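A quick write-up on the structure given underneath.
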Amino acid sequence: QLQLVESGGGLVQAGGSLRLSCAASERTFSPYTMAWFRQAPGKERDFVAAINYSGDYTYYADSVKGRFTISRDNAENTMYLQMNSLNHEDTAVYFCAAEWPTAQPTVESDYDYWGQGTQVTVVL
């Protein structure tokens, strides 16, 4: 059973940056496609970014493209999300997730393992 724990959330001013981390419990972390999703108050959970097992391929939602960078360190069983130029619309609970690789890593229902989430709040 893969367990995921997010960290790095917090309060930040608009235009600022945060780096989220997702630590995985298993040494078999590397085969999984990993992703970040987020859920704003009163809204559904949305895809943010995904990265394949090797880190060679990344996928981003249009709303974060050019501002967020997803990465992973398989030796450390950890995934990251570097978030720059944050704005108020980025305020949400951010979840990391893992799936056995599929053709479409943006689909929430394909992800089998989820963290508890970390709150990101962007203030003006």
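Since we're looking at a predicted model, the values are computed, not measured.
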Open item on the list: Count I, L, V, M, F, W, Y as connected when their side-chain heavy atoms are under 4.5 Å apart, and connections chain through other members. Are Leu2 and Tyr111 then in the same cluster?
Closed with: no
Open item on the list: Given 3.5 Å as the limit, does a donor-acceptor pair link the side chain of Thr91 with the main chain of Val122, or not?
Closed with: yes
TODO: Would you indicate whether the side-chain heavy atoms of Leu81 and Thr69 approach each other to under 4.5 Å?
DONE: no
Task: Side chain proximity check, Met83 to Val120, heavy atoms < 4.5 angstrom - done: yes
Task: Interatomic distance, Met79 atom CE to Glu6 atom CD [nearest 0.5 angstrom] - done: 8.0 Å
Open item on the list: Could you check whether any side-chain heavy atom of Asn87 comes within less than 4.5 Å of a side-chain heavy atom of Arg67, counting everything from C-beta outward?
Closed with: yes
TODO: Please report the closest heavy-atom contact between Gly9 and Leu20, naming both atoms and the distance.
DONE: N-CD2, 3.6 Å
TODO: Look at the aromatic rings of Tyr113 and Tyr32 and report parallel, tilted or perpendicular, splitting at 30° and 60°.
DONE: perpendicular
Task: Same apolar cluster (I L V M F W Y, side chains within < 4.5 Å links), Ile51/Trp100 - done: yes
- [ ] Enter the distance from Arg72:CZ to Cys22:SG here, rounded to the nearest 0.5 Å.
- [x] 9.5 Å
Task: Ring-ring centroid check Phe68 Trp36, cutoff 6.0 Å - done: no
TODO: Decide yes or no for Val12 and Val123: does some side-chain heavy atom of the first lie under 4.5 Å from some side-chain heavy atom of the second?
DONE: no
TODO: For Glu108 and Trp114, run side-chain contact (heavy atoms from CB on, under 4.5 Å): C-alpha distance rounded to whole Å, both residues' side-chain angles, the deciding distance at 0.1 Å, then the answer.
DONE: CA-CA 10 Å; Glu108 179 184 353; Trp114 292 85; 3.6 Å; yes
Open item on the list: So for atom CD, which belongs to Gln116, do other residues, nucleotides or ligands contribute more than 12 heavy atoms lying within a distance under 6.0 Å?
Closed with: no
Open item on the list: If only side-chain N and O atoms count, and only distance matters, is there a donor-acceptor pair under 3.5 Å linking Asn84 with Gln82?
Closed with: yes
Task: Euclidean distance, Thr33 OG1 relative to Glu99 CD, rounded to 0.5 Å - done: 5.0 Å
- [ ] Could you tell me whether the side chain of Asp73 and the main chain of Glu76 form a donor-acceptor pair under 3.5 Å?
- [x] yes
TODO: State, with a plain yes or no, whether a side-chain heavy atom of Pro105 is found less than 4.5 Å away from one of Tyr57.
DONE: no
Open item on the list: Does Lys65, at its NZ atom, have more than 12 non-hydrogen atoms belonging to other residues, nucleotides or ligands within less than 6.0 Å?
Closed with: yes
Task: CD on Gln104 to CG on Asp110, rounded to 0.5 Å - done: 8.0 Å
Task: Shortest non-hydrogen contact from Asp56 toward Ser54 - done: OD2-OG, 3.0 Å
TODO: Of all the heavy-atom pairs spanning Pro31 and Tyr53, show the shortest one and how long it is.
DONE: O-CB, 3.6 Å
TODO: Determine, step by step, whether Leu86 and Leu18 satisfy the side-chain contact (heavy atoms from CB on, under 4.5 Å) criterion, reporting the C-alpha distance in whole Å, the side-chain angles of both residues, the deciding distance to 0.1 Å, and the verdict.
DONE: CA-CA 8 Å; Leu86 286 161; Leu18 279 177; 4.2 Å; yes
- [ ] Tell me whether the centres of the aromatic rings in Phe47 and Tyr59 are closer together than 6.0 Å.
- [x] no
Task: Interatomic spacing from CZ in Arg38 to CD in Glu44 - rounded to 0.5 Å - done: 14.0 Å
TODO: Please examine the side chains of Tyr60 and Ile70, heavy atoms only from C-beta on, and report whether any two atoms are closer than 4.5 Å.
DONE: yes
Open item on the list: Measuring from atom NE2 of His88 to atom CG of Leu124, what distance do you get when rounded to the nearest 0.5 angstrom?
Closed with: 6.0 Å
Open item on the list: For residues Tyr80 and Met34: do they belong to one hydrophobic cluster (side chain heavy atoms under 4.5 Å, members Ile, Leu, Val, Met, Phe, Trp, Tyr)?
Closed with: no
Task: Nearest atoms (heavy-atom pairs only) where Gly115 meets Phe95 - done: O-CD2, 3.6 Å
Open item on the list: Please find the pair of heavy atoms, one from Ser17 and one from Ser85, that lie closest to each other, and give the distance.
Closed with: OG-N, 4.4 Å
